[in-house]
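Each remark here refers to the structure printed beneath this line.
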Amino acid sequence: MIDSEITFRKLEVFLVFMEKLNIARTAEQLGLSSVSVHRALHSLEEGLRCPLFIHRGRNLLPLPAADTLQQHAIQVIEQMESGILAAQRTAGFGEKRIRLGTLYSLTLETIPRLIMGLKIRRPDLELELIMGSNETLLSRLAAQQLDAILISTSDSFIDEHLYESLPLFNDDIYLAVPADSALVTEGTVDLRDFRKQKFVSLAEGFATYHGFQEAFQIAGFEPDIVTQVNDIFSMLSLVQAGMGCTLIPGRMKGVYADTVKLLPLAEPYQMRQTIALVFARSREHDPNLLALAAESRMYARSHPQKNS
């Protein structure tokens, strides 16, 4: 077995010294103290169990064993650097591409703002955008098919030991009805008054689906769902067409503003989603994710009205 005294860091110190043949200049290049350089070289000799240098006055001169070790150490360091880069590429670390998963509803305003900021920080970065449900995006992140995701963390369990979660904003849930409907009213609405109405909803696995189910459990009745869809824009189109009512987050107010009315829910049914950036803690030093996290924090600070 290789002695524990022999490390990659000590081999790097050794190689710089073999180039400079001067402890002070070696220390300066590596940002170390002269004592640290001397200690690294001495402990390397101990690990090898053979002398590498001889003292001539104040100078430390390499022996033939040091020349032999130098040849092999160069190959070892180069091979290890190559292996590290290959492993990082396999893991998607530091590539000029980032795979970002997002909820459909965030493509209206949040995603464009983040992308513009990210391109300023890293102009050469290519971004692949994948849309899906909370459940699907979390599954793909766990399988390392995505580098980061923007989801509602209120509706999913996020293991804090495995994932970093950076909140961007909070969003209230509203009842959406056709703008010309007799159901439009001032003030908050009680879902129990909508017992006889038809509803459309997102499919299971989407963030708003869980809130939808919970709200009607509180209201004490099973809603008459005429259809389920797989994206929030299709759901709003069905509301606009008069197919039924639904529950949607407030960030969708700008879609069909003239034809769909969002009504605030009465206190028992009020719900709030926390939208956050989620990525693996093991990749928290990835430069691409650091840039995305920084941009997400800026977005959160510039949108205080969404956090209240």
Side-chain angles (χ1 to χ4, degrees), residues 103-106 108-110 133-135 150-158 165-229 231-240 242-276 278 299-308:
L103 303 177
Y104 289 90
S105 58
L106 297 175
L108 283 173
E109 192 259 352
T110 304
S133 67
N134 249 40
E135 187 177 283
L150 282 163
I151 61 169
S152 168
T153 53
S154 311
D155 304 280
S156 300
F157 170 73
I158 307 297
S165 179
L166 300 178
L168 271 69
F169 63 89
N170 295 318
D171 207 356
D172 293 321
I173 302 298
Y174 293 80
L175 177 69
V177 301
D180 58 0
S181 170
L183 300 171
V184 175
T185 182
E186 294 295 327
T188 60
V189 295
D190 190 327
L191 286 181
R192 290 175 297 183
D193 297 334
F194 291 78
R195 187 182 298 270
K196 296 182 180 179
Q197 302 301 320
K198 296 186 181 301
F199 289 86
V200 294
S201 83
L202 289 170
E204 187 172 358
F206 284 84
T208 309
Y209 172 86
H210 301 288
F212 187 98
Q213 296 296 317
E214 182 180 339
F216 285 101
Q217 286 179 3
I218 295 172
F221 71 95
E222 188 77 22
D224 181 7
I225 299 176
V226 294
T227 187
Q228 289 185 324
V229 294
D231 74 88
I232 202 164
F233 296 102
S234 297
M235 188 171 70
L236 272 177
S237 294
L238 294 176
V239 174
Q240 178 194 34
M243 290 283 293
C245 308
T246 195
L247 296 180
I248 63 168
R251 57 185 175 273
M252 301 301 294
K253 282 183 178 179
V255 183
Y256 307 128
D258 297 329
T259 54
V260 176
K261 183 72 173 178
L262 269 59
L263 308 177
L265 296 170
E267 194 275 332
Y269 317 104
Q270 288 175 4
M271 293 169 287
R272 176 169 286 184
Q273 290 181 347
T274 297
I275 301 301
V278 180
Y299 182 93
R301 286 196 294 269
S302 66
H303 288 71
Q305 73 279 3
K306 288 190 175 184
N307 291 312
S308 59

If we only count heavy atoms from C-beta on, is the [X] to [Y] side-chain gap below 4.5 Å?
| X | Y | value |
| --- | --- | --- |
| Tyr299 | Glu109 | yes |
| Phe169 | Thr110 | yes |
| Thr246 | Phe212 | yes |
| Leu175 | Cys245 | yes |
| Gln270 | Asp172 | no |
| Tyr269 | Asp190 | yes |
| Phe233 | Leu108 | yes |
| Leu247 | Met271 | yes |

So for atom CZ, which belongs to Arg195, do other residues, nucleotides or ligands contribute more than 12 heavy atoms lying within a distance under 6.0 Å? yes
Look at atom CD of Glu135 and say whether more than 12 heavy atoms of other residues, nucleotides or ligands are closer to it than 6.0 Å. no
The complete set of salt bridge (charged side-chain N to carboxylate O under 4.0 Å, His left out) pairs with one or both residues in residues 197-208, sequence neighbours excluded, reads Lys198-Asp224
I need the full list of salt bridge (charged side-chain N to carboxylate O under 4.0 Å, His left out) pairs touching residues 255-268, with sequence neighbours left out, sorted by first then second residue. none
For side-chain contact (heavy atoms from CB on, under 4.5 Å), just list the numbers for Met235 and Leu202, CA-CA rounded to whole Å, side-chain angles, deciding distance to a tenth of an Å, and then say yes or no. CA-CA 7 Å; Met235 188 171 70; Leu202 289 170; 3.8 Å; yes
What distance separates [X] [atom1] from [Y] [atom2], expressed to the nearest 0.5 Å?
| X | Y | atom1 | atom2 | result |
| --- | --- | --- | --- | --- |
| Leu103 | Gln273 | CG | CD | 7.5 Å |
| Thr227 | Met243 | OG1 | CE | 6.5 Å |
| Leu236 | Ile248 | CG | CD1 | 4.5 Å |
| Gln213 | Ser201 | CD | OG | 7.0 Å |
| Thr153 | Ile275 | OG1 | CD1 | 7.5 Å |
| Gln240 | Thr259 | CD | OG1 | 3.5 Å |

Does the side-chain contact (heavy atoms from CB on, under 4.5 Å) test come out yes or no for Ile151 and Val278, once each step is laid out? CA-CA 8 Å; Ile151 61 169; Val278 180; 4.2 Å; yes
Test side-chain contact (heavy atoms from CB on, under 4.5 Å) on Ile232 and Arg251 and set out the steps. CA-CA 11 Å; Ile232 202 164; Arg251 57 185 175 273; 5.8 Å; no
Ignoring hydrogens, what is the shortest heavy-atom contact between [X] and [Y]? Give both atom names and the distance.
| X | Y | value |
| --- | --- | --- |
| Pro178 | Val184 | O-CG2, 3.6 Å |
| Ser152 | Asn134 | O-ND2, 2.7 Å |
| Leu263 | Val177 | CD1-CG2, 3.9 Å |
| Pro268 | Ile218 | O-CD1, 3.5 Å |
| Ser237 | Tyr256 | OG-OH, 2.8 Å |
| Pro249 | Asp171 | CB-OD2, 3.6 Å |

Please state whether the rings of Phe199 and Phe221 are parallel, tilted or perpendicular, taking 30° and 60° as the class boundaries. tilted
State whether the side chain of Ser154 and the backbone N or O of Thr274 hold a donor-acceptor pair below 3.5 Å, judged by distance alone. yes
List the steps, then state whether side-chain contact (heavy atoms from CB on, under 4.5 Å) holds for Thr185 with Val189. CA-CA 8 Å; Thr185 182; Val189 295; 3.4 Å; yes
